[in-house]
Amino acid sequence: MNILAPVRRDRVLTKLPQCLRKEAALHVHKDFQPRVTCACQEHRTGTVGFKISKVIVVGDLSVGKTCLINRFCKDTFDKNYKATIGVDFEMERFEVLGVPFSLQLWDTAGQERFKCIASTYYRGAQAIIIVFNLNDVASLEHTKQWLADALKENDPSSVLLFLVGSKKDLSTPAQYLLMEKDALKVAQEMKAEYWAVSSLTGENVREFFFRVAALTFEVNVLAELEKSGSRRIGDVVRINSDDSNLYLTASKKKPTCCP
Ligand SMILES: Nc1nc2c(ncn2[C@@H]2O[C@H](COP(=O)(O)OP(=O)(O)OP(=O)(O)O)[C@@H](O)[C@H]2O)c(=O)[nH]1
Ligand SMILES: [Mg+2]
């Protein structure tokens, strides 16, 4: 018996959401990998439908981590700053290619004095979202340290990274473009996917979290296929691929199950 509430209709993904900028994307495939689609159609996704994937959100104080999560999960925005003390989390349920999939979004404190509490929750993340303020270059510079700290507790070869510029509504188009240039460079160095959002207007917030859900789901299904032995040797997810455009690629061999 399924005791969970049904997935909200606006959390149903039937297609792979696209990246924001091809220059800094985890991959640029137009759709889910054929073997992932195929496994979902044939109900060969094993435990993926029962799993909860942990996603941690880190970054300087007041960059807008809590507002970003609240805009997506509750569709609210609070203009008053209330520092997160330690950590908080929200659960979001999706349905991806017909398979239930849950993300646990961990909102961590950016304030130095709460950082040691927050960092005890970094472990076991499947995705790390590093947030900076598009109007504060220092917060972009600090993202490297946030990433280093988060990676101490996680496996750098399997975790998905996202670099997110916040408060887009506060920059003029010219200011934004200047900042984006630097941010794309940082994202490429980190092998992170770059996004720019506004929690005030909602710009790109839903698109971003859908992308996080879809890519995390894809990695989980691929891992499940590998575990169940239905994937061939050599057909693996690679980090640091030769293809300079992609951080995360998989073999382009055709699957045997679907045409
Ligand atoms: N204009 C604008 N303000 C924002 C946006 N996102 C957040 N803010 C404001 O920035 C301030 C800090 O936002 P929070 O989400 O609390 O920041 P935080 O990163 O969670 O901060 P800590 O919990 O201390 O780490 C608040 O006053 C928000 O209203 C945005 O997209 N646009
Ligand atoms: Mg907060």
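First listed ligand is number 1; within each ligand, the first listed atom is number 1.
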Do T66 and T84 meet the criterion of a side-chain donor-acceptor pair at a distance under 3.5 Å?
yes
Atom indices of ligand 1, in the order listed, that fall short of 4.0 Å to a heavy atom of L170
1 (N)
May I ask you to identify, for N70, whether its side chain, its backbone, both or neither come under 4.0 Å of ligand 1 on a heavy-atom basis?
neither
N or O pair under 3.5 Å between G64 and ligand 1
yes
For ligand 1, does S166 get within less than 4.0 Å through its side chain, its backbone, both, or neither, judged by non-hydrogen atoms?
neither
Under 4.0 Å from any heavy atom of S198, which atoms of ligand 1 are there?
31 (O)
Under 3.5 Å between some N or O of ligand 1 and some N or O of A109?
no
State whether T66 contributes an N/O/S atom found under 2.8 Å from the Mg ion (ligand 2).
yes
Looking only at distances, can you tell me whether any N or O atom of V63, backbone or side chain, sits closer than 3.5 Å to an N or O atom of ligand 1?
yes
For atom 10 (O) of ligand 1, the protein heavy atom that lies nearest, with its residue and separation:
K167 NZ, 2.8 Å
Examine K168 against ligand 1 and note whether any of their N/O atoms are separated by less than 3.5 Å.
no
Tell me whether F114 reaches ligand 1 (any heavy atom closer than 4.0 angstrom to a ligand atom).
no
Are any of the N or O atoms of S62 closer than 3.5 Å to those of ligand 1?
yes
Close-contact set for ligand 1 against A83 heavy atoms, below 4.0 Å:
23 (O), 24 (O)
Regarding ligand 1, does T66 bring an N or O atom to under 3.5 Å of one of the ligand's N or O atoms?
yes
Can an N or O of G110 be found at a distance shorter than 3.5 Å from an N or O of ligand 1?
yes
Does any N or O atom in D169 lie less than 3.5 angstrom from one in ligand 1, N or O only?
yes
